[in-house]
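Written out below as structure tokens is the structure these notes cover.
Atoms within each ligand, like the ligands themselves, are counted from 1 in listed order.
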Amino acid sequence: MSKSISIAVVGSGYVGLVAAVCFAEMGHAVVCVDNDERKVTALQGGETPIHEYHLPELLGRYRNNQVRFITDLAEATRECDAIFIAVGTPQSETGDADLSYVEAVACEIARSLTSYKVIVEKSTVPVYTNEWISRALERNGVDRNLFDVVSNPEFLREGTAVVDFLHPDRIVVGSDSDRAGLLLKEIYSPLTSGEYYQRENCISGSCSVAEPPPLLMTSTKSAEIIKHASNAFLAMKISFINAVSNLCEATNANVEQVARGIGLDTRIGPKFLRPGIGYGGSCFPKDVAAFRSVAEQLGIDFSLLTEVEKINQQQKRLFIAKVRSALWNLRGKRLAVLGLAFKGDTDDIRESPAVEIVRLLINEGCSIAAFDPAAMERTQQILPAGKNMRYAADSYDAMSDADALLILTDWIEFAELDLKRANKALRYSIIVDGRNLYDPATMSEHGFTYVSVGRPIAHPVRNLTSSVIG
Ligand code: UDX
Ligand code: UDX
């Protein structure tokens, strides 16, 4: 039977909140600290601040008992054995990760640290951050024997974060201290021993008693690099297939067939080969920039990452060009937009290519009617409703009398539209799909001009009888 460990998680955002409830689900006692009082009160009161599968269920189970929400980091520091730092590490103007929140947390921990603690970097941070955290603690008068800093990067995808946490491909622990490494192994032992998967009410996923996740022990710096390198590699895979999709468009080939053909090679693998309007979200854009910046500072030529970013930016401009070529002129056009979140299954709009495309289209003189099942509230805060921006009640309301329909986010419900109803609602039967949610042949049969990514344009099937008669 695994031991229950006392854990503090600092930051109750997309990563911290998921980590907190998942640690509780694994049997640990957790305090989740956030300096945003309103957020903490809302969490204590029963609100679920983000759209994430299984989160309401786990919060319902552990809120205010096995997971306590507080604002006092000193109290949390005194109570726990390990402190997971999960505050944001946004991108600064130079592309570097802005680590000022991490530093602020380290300094605050220093003020109340009186017995040995393991401080864990959970946020994505550049290599050497563990050394900076140690230095910050020492500068604030903490004895070096009272703490260790380890790196335990998260690999959570928004939308599936809870399952990703409890059924990880791997758990990476970067530690230069045996004592700290051992504590992290104990924390994850309900997963690595398979014990969790034996539980009757466990959240199901790909791991099992027979196949528990592996735990990889590395040096702290290696773990920090693993996180950045993983995200940069995945972003590179997406930019690669986006570049290939442009080649397919130029040659009338089909990128779906090409992706399948290359993805079946087990050395390449089929995942993250979906072309589209470019990657977004809180991680890929910022992590690619931060990794590039780290390389630059170390004098290493990693211009491959600059190309990855360039292709990603270009993908949005190419999408606008497709809309223009489908509609001739953009000025004055009414466009229905389905999707504002940076991907399906989330309400997150950070670095969303969909939102950027909407802004570009408004600048071109279009008026937009948009719908998203979860991200409209957040989008309204940065893009208020007005003369050229309307938030629709549902997909068909957005389409009502629009000159064309644009699909920008891969929500499942956008792949299951009632095509007859869509055709009736739209003024012109034109769909520009940035996520390849439909089969082009089906769309021509339903009478649409269908423009997608890396596949030949589909035109409406002409009614042969009437054309012969006509
Ligand atoms: C995370 C990671 O931290 C980031 O490194 C990773 O790359 C993406 O995901 P996320 O959970 O999405 O960030 O951040 P956010 O939703 O902004 O949540 C951070 C939380 O930390 C907020 O609730 C904020 O109030 C809190 N915070 C911030 C503190 O409690 N203290 C601070 O000093 C700063
Ligand atoms: C990512 C990583 O997957 C995760 O391991 C890390 O911890 C955090 O960052 P997330 O940002 O939630 O997770 O989303 P992800 O599913 O990776 O998608 C990122 C972006 O890439 C989205 O905009 C998505 O639409 C896009 N994408 C993804 C593609 O365009 N094509 C693909 O094949 C896959």
**Asked** Any idea which atoms of ligand 1 are less than 4.0 Å away from a heavy-atom of Tyr101?
**Response** 34 (C)

**Prompt:** Quick one: does ligand 1 sit under 4.0 Å from the side chain of Lys122, the backbone, both or neither, non-hydrogen atoms only?
**Reply:** neither

**Request:** For Glu25 and Tyr62, test the side chains for any donor-to-acceptor distance below 3.5 angstrom and give the result as yes or no.
**Result:** yes

**Any pair counted as ring pair (Phe, Tyr, Trp, His ring centres under 6.0 Å), so long as it reaches residues 69-90, sequence neighbours left out** = Phe23-Phe84

**Message:** Checking side-chain polar atoms at under 3.5 Å, does Ser222 have a donor or acceptor matched by the opposite partner on Ser219?
**Reply:** yes

**Fill in**
ligand 1 atoms nearer than 4.0 angstrom to some heavy atom of Gly88 are 3 (O), 19 (C)

**Prompt:** Do you see a donor-acceptor pair shorter than 3.5 Å between the side chains of Ser352 and Arg378?
**Reply:** no

**Item:** pair Glu249-Lys322: side-chain heavy atoms closer than 4.5 Å
**Value:** yes

**Request:** Could you tell me whether Glu121 and Lys227 have a side-chain N and a carboxylate O separated by less than 4.0 Å?
**Result:** no

List, for ligand 2, each N/O atom that has a protein N/O partner under 3.5 Å away, with both atom names and the distance.
| unit_1 | atom_1 | unit_2 | atom_2 | d |
| --- | --- | --- | --- | --- |
| ligand 2 | 5 (O) | Phe155 | O | 3.4 |
| ligand 2 | 7 (O) | Glu154 | OE1 | 3.1 |
| ligand 2 | 7 (O) | Leu156 | N | 3.1 |
| ligand 2 | 7 (O) | Leu156 | O | 3.1 |
| ligand 2 | 7 (O) | Lys227 | NZ | 3.0 |
| ligand 2 | 12 (O) | Glu158 | N | 2.6 |
| ligand 2 | 12 (O) | Lys343 | NZ | 3.2 |
| ligand 2 | 14 (O) | Lys343 | NZ | 3.1 |
| ligand 2 | 16 (O) | Lys343 | NZ | 3.0 |
| ligand 2 | 23 (O) | Gly280 | N | 3.0 |
| ligand 2 | 23 (O) | Phe342 | O | 2.9 |
| ligand 2 | 25 (O) | Arg435 | NH1 | 2.8 |
| ligand 2 | 31 (N) | Arg274 | O | 2.8 |
| ligand 2 | 33 (O) | Leu273 | N | 3.4 |
| ligand 2 | 33 (O) | Arg274 | N | 2.9 |

**Prompt:** Are the side chain of Asn242 and the backbone N or O of Gly276 linked by a donor-acceptor pair below 3.5 Å?
**Reply:** yes

**Message:** Using a 4.0 Å cut-off to any heavy atom of Asp36, which atoms of ligand 1 qualify?
**Reply:** 25 (O)

**Item:** Chi angles and distances behind the side-chain contact (heavy atoms from CB on, under 4.5 Å) call for Ile262, Ile241
**Value:** CA-CA 10 Å; Ile262 59 178; Ile241 200 66; 4.3 Å; yes

**Message:** So which atom in Met399 and which in Ala336 form the shortest heavy-atom distance, rounded to 0.1 Å?
**Reply:** CA-CB, 3.7 Å

**Complete:** Atoms of ligand 1 under 4.0 Å from any heavy atom of Gly13, numbered from 1 in the order shown, are 11 (O), 15 (P), 16 (O), 18 (O), 20 (C), 23 (O)

**Request:** Using only heavy-atom distances, determine whether the side chains of Asp372 and Tyr391 contain a donor-acceptor pair under 3.5 Å.
**Result:** no

**Item:** Atoms of ligand 1 close to Gly11 [distance to a heavy atom under 4.0 angstrom, numbered from 1]
**Value:** 20 (C), 21 (O), 26 (C)

**Item:** Where ligand 1 meets Lys39 - atom numbers and elements under 4.0 angstrom, heavy-atom basis
**Value:** 22 (C), 23 (O)

**Asked** How does Ala97 reach ligand 1, if at all, at less than 4.0 Å between non-hydrogen atoms: by side chain, backbone, both, or neither?
**Response** neither

